[in-house]
Amino acid sequence: MKFLVHTFFIILILLVTFFGLGPVLYADGIIQERIWTAAVVIVLYVILAFLYSRTLKWIKKK
């Protein structure tokens with residue numbers, strides 16, 4: 001079970017990194033667009049980290 005949870009969250013983090021940081025680093029848009037995209041990516045990382053820690057605690061209790 002732990003293996004599946006780790007794999008799931010690793011895939012999610014890789015997807016956020018690929019589709020989130022790519023546009024921040026390589027986009028041709030204005031700087032404001034890059035900043036907003038970076039802010040959304042950071043919020044997604046925080047949410048994923050919170051969910052990951054809660055899920056691990058939940059699995060440990062079982």
Side-chain angles (χ1 to χ4, degrees):
M1 181 70 172
K2 275 188 178 182
F3 176 75
L4 292 174
V5 170
H6 290 303
T7 304
F8 178 72
F9 278 99
I10 288 171
I11 290 171
L12 283 178
I13 290 170
L14 287 174
L15 287 172
V16 169
T17 302
F18 182 75
F19 290 111
L21 290 182
V24 171
L25 297 174
Y26 300 117
D28 291 336
I30 58 175
I31 193 70
Q32 184 179 4
E33 181 182 345
R34 289 182 180 193
I35 290 172
W36 280 108
T37 306
V40 170
V41 169
I42 290 170
V43 168
L44 286 174
Y45 279 137
V46 169
I47 291 170
L48 283 175
F50 176 75
L51 291 174
Y52 184 54
S53 67
R54 296 289 285 186
T55 305
L56 288 179
K57 286 180 185 177
W58 181 69
I59 288 175
K60 188 183 275 189
K61 286 183 180 181
K62 280 187 150 187

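Just so it is clear, the values below take in all heavy atoms, side chains as well, and ignore hydrogens, waters and symmetry mates.
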CA sep, side-chain torsions, deciding dist, call: I31, W36, side chain to side chain contact (heavy atoms under 4.5 Å, CB included): CA-CA 9 Å; I31 193 70; W36 280 108; over 6 Å; no

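When the side chains of ILVMFWY residues are joined at heavy-atom separations under 4.5 Å, either directly or via intervening members, L51 and V41 end up in a single hydrophobic cluster. Linking ILVMFWY residues whenever their side-chain heavy atoms come closer than 4.5 Å, directly or via other members, places V43 and F9 in the same cluster. Follow the hydrophobic side-chain contacts under 4.5 Å out from Y52 and you reach F8 in the same cluster. In terms of hydrophobic clustering, with Ile, Leu, Val, Met, Phe, Trp and Tyr side chains grouped at heavy-atom distances under 4.5 Å, F19 and Y45 are assigned to different clusters. Under the 4.5 Å side-chain heavy-atom criterion for grouping Ile, Leu, Val, Met, Phe, Trp and Tyr, L12 is connected to V5 within one hydrophobic cluster.
When each of T17, I11, L15, V16 is checked for a side chain to side chain contact (heavy atoms under 4.5 Å, CB included) with I13, only T17 meets the rule.
The two atoms that bring M1 and I59 nearest to each other are CG-CD1, 4.2 Å, heavy atoms only. Across all their heavy atoms, T37 and P23 have their closest contact at CG2-CB, 4.4 Å.
Between the OG1 atom in T55 and the CZ atom in F50 there is a gap of 9.5 Å [rounded to 0.5 Å]. Distance check, rounded to the nearest 0.5 Å: CD1 of I42 to CD1 of I47 gives 12.5 Å.
In this structure the side chain of H6 reaches within 4.5 angstrom of the side chain of L56, judged on heavy atoms.
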